[in-house]
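We use all heavy atoms of the structure for the numbers below, so side chains are in, but hydrogens, waters and symmetry mates are not.
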Amino acid sequence: MLCGMGEFDLIARYFTRPTARAVLGVGDDCALLQPAPGTQLAISSDMLVEGRHFFADVGPAALGHKALAVNLSDLAACGAKPLAFTLALSLPRADEAWLAGFSQGLFTLADAHGCELVGGDTTQGPLNICITVFGEVPVVNGKSQALLRSGARPGDDVYVSGTLGDARLALEALRGAVILPHGLLAQARQRLERPTPRVALGQALRGIASAAIDVSDGLLGDLRHILRASGAGATLDTAIAINLIATSQSADWAGAGIDPERQLAYTLAGGDDYELAFTAPASARDAVQAAALQAQTPVSRIGRIDADPGLRLLDAAGAPMQRRYASFDHFA
Ligand code: ADP
Ligand code: MG
C-alpha cells in the first residue's frame with residue numbers, strides 16, 4: 001500500500017504500457033514471453049539501494065536510466081539481445097513528480113533497446129529498485145552462443161570497450177574528495193549517472209570473443225572473475241590502459257589535481273563503468289575490430305591471457321608493477 005495515489009493507479013499510470021514483443025505484459029499474475037525458436041533465455045537481476053548505489057538526491061530520470069542500464073549491461077556481457085524486464089520497486093511515498101521522471105528515464109532507455117516492461121511488484125518502504133531482465137541468445141548447431149566468463153585461453157588477447165575511470169572520478173567529486181572544474185564534473189557525472197550498456201557490442205562479439213564480463217566493480221576485479229572461471233592468468237599493459245581511458249582526457253584530470261597514480265587507480269579499479277572486458281584469440285583481431293565498428297563502440301587491446309594464474313601489471317617501460325588494487329566488494 002502507498003498513501004495518496006493507490007498502488008494500482010500508480011502501476012497503471014506509470015508502469016503499464018502496451019507490449020509488442022511479450023505475449024502478455026502488466027496486469028495478470030504472470031507475464032508471458034515467447035523466446036524465438038532456436039534461442040535460450042538469458043536472465044539477470046540487479047538491485048539499486050539508496051545510500052549504497054546512489055545518493056538520495058540523484059535525479060529520478062537518471063535513476064530510472066541507471067537501474068535498467070546496469071541490467072542491460074549484464075545481458076550485453078552474455079551477448080544477449082534484450083527482450084523484456086520486470087521492476088520490483090519499494091518507494092517511501094507515491095511522489096508523482098518523482099514517478100514521472102523515473103519512468104521517463106526508464107522507458108527512454110528501454111525503448112532504445114526494444115526491451116519491454118512486463119511486470120513487477122510495488123510496495124512502500126525505503127527506496128529500492130530491483131530489475132530482472134530477460135534476453136535472447138541464439139543456439140547454433142545445438143551450441144549456445146552466450147558469452148561466458150569461462151572461455152579465456154592462454155594466448156588470447158584481453159580487450160576493454162570504451163573508457164574507464166570517469167564514473168569513479170565523479171563519485172569522488174560528489175563525495176567531496178576531489179574538486180573538479182564544472183565541465184569535467186558534468187562529463188564524469190554523465191558517465192556515473194547515465195552509463196551506456198554495450199548491448200550492440202556484446203551481440204556483435206558472439207562467436208568471436210572467448211570470454212566476456214561487464215565492468216561494474218572495476219576492471220581488474222572483474223577481469224579476475226574471467227581468470228578464475230577460465231583457470232588462467234593475464235598480463236596487462238597499464239601504459240596502454242591509461243592512455244585509452246576516461247572520456248575526459250588525462251590532461252584534464254592532471255589539471256584538476258588528479259595525479260597519475262590516482263588516474264591509474266580510478267581507471268583500473270574505479271568501478272561503475274559498465275564497459276565490457278573480453279578476451280579473443282589473436283587470430284580474431286580483425287573480427288574484433290569489425291565487431292567494434294559494427295557496434296560503433298571503440299575497443300582497446302590491453303593485454304593477454306597466460307597459462308600462469310594471477311594478474312600481472314606492466315608499467316610504461318614494460319617492467320612489472322608491485323602495486324595492488326582492491327576492487328569493490330559490498331561485504332569486504
Ligand atoms: P500480485 O498480487 O498477483 O503479485 P500485484 O498486485 O503485485 O500482483 O501486481 C499487479 C500487476 O502489476 C502484475 O501484473 C504485476 O506484474 C504488475 N506490477 C506491479 N508492480 C509493477 C511495477 N513496479 N512495474 C511493472 N509492473 C508492475
Ligand atoms: Mg504483489
Review point. Hey, what do you get for OG1 (Thr238) to CZ (Arg312), rounding to the nearest 0.5 Å?
Key: 14.0 Å
Exercise for review: Might you work through the side-chain contact (heavy atoms from CB on, under 4.5 Å) test for Leu83 and Leu75, ending with a clear yes or no?
Suggested key: CA-CA 10 Å; Leu83 179 59; Leu75 288 185; over 6 Å; no
Review point. Between OG of Ser150 and CG of Leu227, what distance do you get to the nearest 0.5 Å?
Key: 12.5 Å
**Study point:** Considering all heavy atoms, the nearest Leu91-Leu10 contact
**Key:** CD1-CD1, 4.2 Å
Study note, to complete from the structure: Rounded to the nearest 0.5 angstrom, the CZ-OG distance for Arg153 and Ser230 is 6.0 Å
Exercise for review: Before giving the answer on side-chain contact (heavy atoms from CB on, under 4.5 Å), spell out for Val133 and Asp74 the whole-Å C-alpha distance, their side-chain angles and the decisive distance to 0.1 Å.
Suggested key: CA-CA 9 Å; Val133 277; Asp74 284 314; 5.5 Å; no
Check your understanding: Is Phe278 reachable from Ile302 through a run of hydrophobic residues whose side-chain heavy atoms are each under 4.5 Å from the next?
Key -> no
Study note, to complete from the structure: Applying side-chain hydrogen bond (donor to acceptor under 3.5 Å, both in side chains) to Ser144 and not counting sequence neighbours gives Gln40
Exercise for review: Take atom CG of Asp286 as the centre, draw a 6.0 Å sphere, and report whether it contains more than 12 heavy atoms from other residues, nucleotides or ligands.
Suggested key: no
Review point. Would you say His65 and Pro195 make side-chain contact, with heavy atoms under 4.5 Å?
Key: yes
Check your understanding: Would you find a donor on one side and an acceptor on the other, under 3.5 Å apart, between the side chain of Asp222 and the backbone of Asp217?
Key -> yes
Point to revise | same_hphob_cluster(Leu109, Ile129) at 4.5 Å side-chain heavy-atom cutoff | key: yes
Point to revise | Rounded distance (nearest 0.5 Å) linking atom CD of Glu136 with atom CD of Gln203 | key: 9.5 Å
**Study point:** Donor-acceptor under 3.5 Å (Lys81 side chain, Pro138 main chain)
**Key:** no
**Study point:** Close side-chain approach of Trp98 and Leu127, heavy atoms under 4.5 Å
**Key:** yes
Check your understanding: Considering only heavy atoms from C-beta outward, does the side chain of Glu7 approach that of Thr123 to under 4.5 Å?
Key -> no
Check your understanding: Is a donor on one side and an acceptor on the other found under 3.5 Å between the side chain of Ser161 and the backbone of Leu276?
Key -> yes
Review point. Closest approach of Ser73 and Pro197, non-hydrogen atoms and distance?
Key: N-CB, 3.7 Å
Review point. Is there a donor-acceptor contact under 3.5 Å from the side chain of Asp95 to the main chain of Ala97?
Key: yes
Review point. Parallel under 30°, tilted from 30 to 60°, perpendicular over 60°: which one fits the rings of Phe107 and Phe15?
Key: tilted
Exercise for review: Run through Asp306, Ile305, Ile226 and flag the one making a side-chain contact (heavy atoms from CB on, under 4.5 Å) with Asp156.
Suggested key: Ile305
Point to revise | From CE (Met47) to CD1 (Ile131), nearest 0.5 Å | key: 12.5 Å
Practice item. Might you point out which heavy atoms bring Tyr325 and Ala265 nearest each other, and give the distance in Å? Key: CE2-CA, 3.5 Å
Practice item. Begin from the C-alpha positions of Ser216 and Tyr274 and carry the test side-chain contact (heavy atoms from CB on, under 4.5 Å) through to its verdict. Key: CA-CA 5 Å; Ser216 52; Tyr274 300 101; 3.6 Å; yes
Check your understanding: Is it true that Glu275 and Arg198 make a salt bridge, defined as a side-chain N closer than 4.0 Å to a carboxylate O?
Key -> yes
Practice item. Verify the cluster assignment for Leu87 and Val118: are they in a single hydrophobic cluster under the rule of side-chain heavy atoms below 4.5 Å apart? Key: no
Review point. Is it the case that more than 12 heavy atoms not belonging to Arg206 sit under 6.0 Å from its CZ atom?
Key: yes
Review point. When rounded to the nearest 0.5 angstrom, what distance separates CD in Glu193 from CZ in Phe54?
Key: 11.5 Å
**Study point:** Over all atoms of both residues, closest heavy-atom pair of Ser45 and Asn71
**Key:** C-OD1, 3.5 Å
Review point. Does Met5 belong to the same Ile/Leu/Val/Met/Phe/Trp/Tyr cluster as Ile11, with side-chain heavy atoms less than 4.5 Å apart forming each link?
Key: no
**Study point:** Test side-chain contact (heavy atoms from CB on, under 4.5 Å) applied to Tyr159 and Arg285, step by step
**Key:** CA-CA 10 Å; Tyr159 296 85; Arg285 281 181 190 174; 3.5 Å; yes
Review point. Taking 4.0 angstrom as the limit, do Glu172 and Arg262 come out as a salt bridge?
Key: no
Practice item. Run through Asp273, Thr163, Thr196 and flag the one making a side chain to side chain donor-acceptor pair (under 3.5 Å) with Arg191. Key: Thr163
Practice item. Check Gly119 against Val26 and note the closest heavy-atom contact, atom names and distance. Key: N-CG2, 3.7 Å
Check your understanding: Do side-chain atoms of Arg21 reach the backbone of Gly114 as a donor and acceptor pair under 3.5 angstrom?
Key -> yes
Point to revise | All side chain to side chain contact (heavy atoms under 4.5 Å, CB included) counterparts of Phe55, not counting sequence neighbours | key: Asp57, Leu171, Leu174, Arg175
Review point. Which atom pair, heavy atoms only, marks the closest approach of Thr267 to Leu219?
Key: O-CB, 4.3 Å
Check your understanding: With hydrophobic residues grouped by side-chain heavy-atom distances under 4.5 Å, do Leu89 and Val58 end up in a single group?
Key -> yes
Revision key, fill the gap. Only one of Leu48, Leu63, Asn128, Asp46 passes side-chain contact (heavy atoms from CB on, under 4.5 Å) with His53, and that residue is Leu48
